[in-house]
Every structure is written in structure tokens, then in C-alpha cells.
Amino acid sequence: MWSVRVLERRMATWPKAALDVPLAVAFTIVALLLARERPPEGWWWARPDALGYALICAVNLTVAARRLAPRLVFAVATALWLVYIAAGFWPVVNSGALMLAFYTVAATCRTADAAVCGATFAAVWITGALLSRSNGLATATGQALVVPFLLWKFGDTARQLAARNRTLSELTVQLRREREENARRAVAEERVRIARELHDVVAHHMSVISVQAGLAQYVFTTDRDTAHDALGTISAASGEALEELRRLLAVLRVGPEGVGESPGDQPYRPTPGLDRLAETADRVRAAGVAVELRVVGERRPLPQGPDLCAYRVVQEALTNVIKHARPARATVRVEYLPRQLRVSVTDDGVGNVPANPGPPGGHGLIGMRERARIYGGTLAAGPRAGGGFEVRLTLPLQPVPQGRRTGGDGRGDDRQRGGDHEP
């Protein structure tokens, strides 16, 4: 596994390594020109012969592979440089190639490897000073200590910068991946939300329409007044369903200023809430289910999300009564507490909606639980001990300030609708 990773890393450097070939050729040309110069006074070095020029070319051309195998290149170049010095030629001619090779080791390898190579570089440098038959040993020793240290410092800085860049690159890839995943999750959640809204709107109104259409067909020839009332209920239910569907579509097309993308679009209407429970109860009564509304506590405006959640839960629960428990009596109880909103829908029908719907496609209770979970609430649904079914919703709310009335109690409306209002 380690060899495979090393090979992959080496292959990744091949395009960059191709750029080192011109660099190696340039170093070779400079070294050949420098070899033609006379060494400084006080130094004993012979002029290069054929062997010397061959060694110069070998040492300098070796750096072309410095990115592929930095330690090996340094070792080969150092060995050839030592042979060049031992042959009596001027060491400075090839020092540039050795400096570049050592810098590459410091920039790409571990600190321990760089330390070994630095010590080797200094030792060869001092060896050259010893073989020069000059009295500049102290100067050469100082250079042998300072030059490798500076090269290591620059190389180590480059290595740390490269490691930091790799880390940033990995983090960038990870952030991009997480952003794409979050976008996909947001799309999926939005699709679920839209599906939940469509289910609540369509299921409720279509249940009412289906019941009323069957009633109208049944009494069409015998009781025209009842058939006429049923058709009126169908018209009202279908009109409200179309209104809610238009509102939902308007939300999907809404622009940054709260209006539709098209110039003629109007701002969408507010979402329904508990203030429309009386209308929903009237539709359910028209479908043959007696509904009683009870409001406990002081009514007050609610945030849009929890208000819509409570309304949809009541709407879906009453729809289930129409579909599964009719004929029955249903009771809707809304309780305003300082920190909570409690809503319950109970019926005394013989048919029960299962808590975990078995048939595929039954998403009513699932949607209600999802709505409650979104706003930190809980929803419980199941058969009652004395018969019938009950749905209980609890939502957390912000506490009401003492001595402040936030809305009317709506008692007159409850009495007109046939419901009770408890103090």
C-alpha cells in the first residue's frame, strides 16, 4: 500500500518534473562556462579535462529528476561531486546543482532526511576545502554550516506552505462536497414539504367533495334541496382548494421582493391558521360529521409556522374522520397555555385510523408527525379506550407577558358555530 501511494505521488509530480529538464540544462551550461574560468588565487585546482566535463554534465543533469526522487538525486549528485573534487577539480563549479538538490530534499522530505543530507553536504564542502591546499579552512567551515542551514530553512518553509495548501485544498473539496450534500438535502426536504402541503390540501377538500358528490347523486331525484346544498358545498370546497393551490404555487414562484417572477404576479396570501377552523368545521359538518369546537384559554396570535401546523393537523384529523369514521361526532379542542399550544381532535366513530398506516400511500399521520417535529412539538394518535380515535398535538410557544392581551377570545364566533368556549 505504501509503495502504491508513493508511486501515485510521484506520478502527480511528473508534469512539474518536466519543467526541471530546461533547468538542469541551464545549470549544466552555467557550470561548463564557470569551469573555463580560473580558480581564485590561493586555491589549487586543476582545469577540467574530458573526465571533468563529463562529471560536470552528470552532476548538473541529475537535477532534472529532483522532484521524482529527491533523496536519490541528492545522493547521486553528491557522490559525483565528491569524485569531481577528489579528481582535483574546482568544487564551486557544481555547487549550484548540489544546493538545488538539497533544497528539494528539505522542501519535499522529512526533517530527519533533510538533516542527514545537510550534514552530508557540509561534510563534502569541508572535504573540498581540505583538498584545496589553502589556508581558508575556517571560511569554508563557516560556509559549510551556514549555507545548508539557510537552504534547509527555505526548503522547510516551502514544505510547510505546500502542506498547508494541500490541507486547504482538501478542506475546499470537503466543503464543496458538504455544500452539494446540503443542497441535495434541502431540495429533498422542500419536496417533502411541498408533498405534505399538497396532501393536506387535496386530501381534505377532495374527501369533502367526494362525500357531497355521492350525496348529491343519491338524492338528486328525490330531494333537490339537499342535492342543491351538496353542490354548493362542492363548489365552496373546490374554490378553497384552488385558492390554496394557487397560494402554494405562488410561494414556489416568489421572488426576492415577495412577488412572483412574472410582472403580473401578485404577492401570495397568508397561509391559513387556527382562525379558519370555523370554516373547516362547516365543511366537515356539510360532509355529515358533527363537529364541536372548544377553545380553552385566551386566544392570541401565533407564529406563522406553528399556526399553520396546528391548522393542518386539525384539517387532516377531520379528513380522516370523514374517510374512516363517518357517521361520527368530532370534537376539536384548542388550548392556549402560557408556554404551549395543545390541540386535540377526538371522534366517537366505529372506524379507526391506524396509528401506523399499513397501506402504501397513507401519509396523513406521517405528515402530521413531521409537522409537529419541525416546530419542536409532539403528536400522539391512536384509538380511544371508549371507542373512536384521538389525535393530540402539543407545540411549544413563547411565554405571554403578564398583563398583556394579545388577541380577542372569539367567544361570540364559537357560540354562533355551535362550539363551547371554556374559561
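Model, not experiment: these values are computed from the prediction.
Smallest separation of non-hydrogen atoms from V391 and A317: CG2-CB, 4.2 Å. For A122 against A144, the heavy-atom pair with the smallest separation is CB-O, 3.2 Å. Looking at every heavy atom in both residues, L393 comes nearest to A310 through CD2-CA, 3.7 Å. What you find for P148 and G118 is that their closest heavy atoms are CB-O, 4.2 Å. Across all non-hydrogen atoms, the minimal contact from M368 to L379 is CB-CD1, 3.6 Å. Taking each heavy atom of A114 and F102 in turn, the nearest pair found is O-CE1, 3.2 Å.
Side-chain atoms of E170 and Q174 form no donor-acceptor pair, as typed in the model, at a separation below 3.5 Å. Side chains of N182 and R185: a donor on one and an acceptor on the other come within 3.5 Å.
Two residues are said to be in side-chain contact when any heavy atoms from C-beta on lie closer than 4.5 Å; R392 and R342 fail this criterion. Residues T394 and Q340 have side chains in contact (heavy-atom distance under 4.5 Å, counting atoms from C-beta outward). Within the 4.5 Å cutoff, side-chain heavy atoms of L100 are placed close to those of L23. Contact check for L395 versus C309: side-chain heavy atoms found under the 4.5 Å cut-off. Annotation: side chain of F74 is in contact with side chain of L98 (closest heavy-atom distance under 4.5 Å). With a 4.5 Å cut-off on side-chain heavy atoms, L34 and W90 count as touching. When side chains are defined from C-beta on, V105 does not count as touching V73, because their heavy atoms never get closer than 4.5 Å. Looking at C109 and R71, their side chains come closer than 4.5 Å, going by heavy atoms from C-beta outward.
Salt bridge status for K153 with D156: absent, with no side-chain N to carboxylate O gap under 4.0 Å. Ion pairing between a basic and an acidic side chain is recognised when a charged N comes within 4.0 Å of a carboxylate O; E279 and R276 show such pairing. In summary, R373 and E370 do not engage in a salt bridge, as defined by a charged side-chain N under 4.0 Å from a carboxylate O. Comment: R179 does not engage E181 in a salt bridge, judged by the lack of any side-chain N to carboxylate O separation of less than 4.0 angstrom.
Residue R110 places its CZ atom among 12 or fewer non-hydrogen atoms of other residues, nucleotides or ligands, all under 6.0 Å distant. Within 6.0 Å of CZ on R36 lie no more than 12 heavy atoms contributed by other residues, nucleotides or ligands. Summarising the local packing, CZ of F154 is surrounded by 12 or fewer heavy atoms from other residues, nucleotides or ligands at distances under 6.0 Å.
Expressed to the nearest 0.5 Å, how far CG of L150 lies from CD of Q143 amounts to 11.5 Å. Atoms CG and CG, on L341 and L397 in that order, are 5.5 Å from each other to the nearest 0.5 Å. With values rounded to the nearest 0.5 angstrom, R312 atom CZ is found 8.5 Å from T280 atom OG1. Residue N60 holds its CG atom at 7.5 Å from CG of L32, rounded to the nearest 0.5 Å.
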Take L82 and L80, measure what side-chain contact (heavy atoms from CB on, under 4.5 Å) needs, and give me the verdict at the end.
CA-CA 5 Å; L82 188 59; L80 293 175; over 6 Å; no
Please assess F27 against L61 for the test side-chain contact (heavy atoms from CB on, under 4.5 Å), listing each intermediate value before the final yes or no.
CA-CA 8 Å; F27 267 78; L61 291 177; over 6 Å; no
From CA spacing to verdict: side-chain contact (heavy atoms from CB on, under 4.5 Å), V93, Y84
CA-CA 10 Å; V93 172; Y84 182 83; 3.9 Å; yes
From CA spacing to verdict: side-chain contact (heavy atoms from CB on, under 4.5 Å), R300, E298
CA-CA 6 Å; R300 64 180 187 269; E298 182 181 4; 5.7 Å; no
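Note: F121 and W81 have tilted aromatic rings, judged against thresholds of 30 and 60 degrees for the angle between ring planes.
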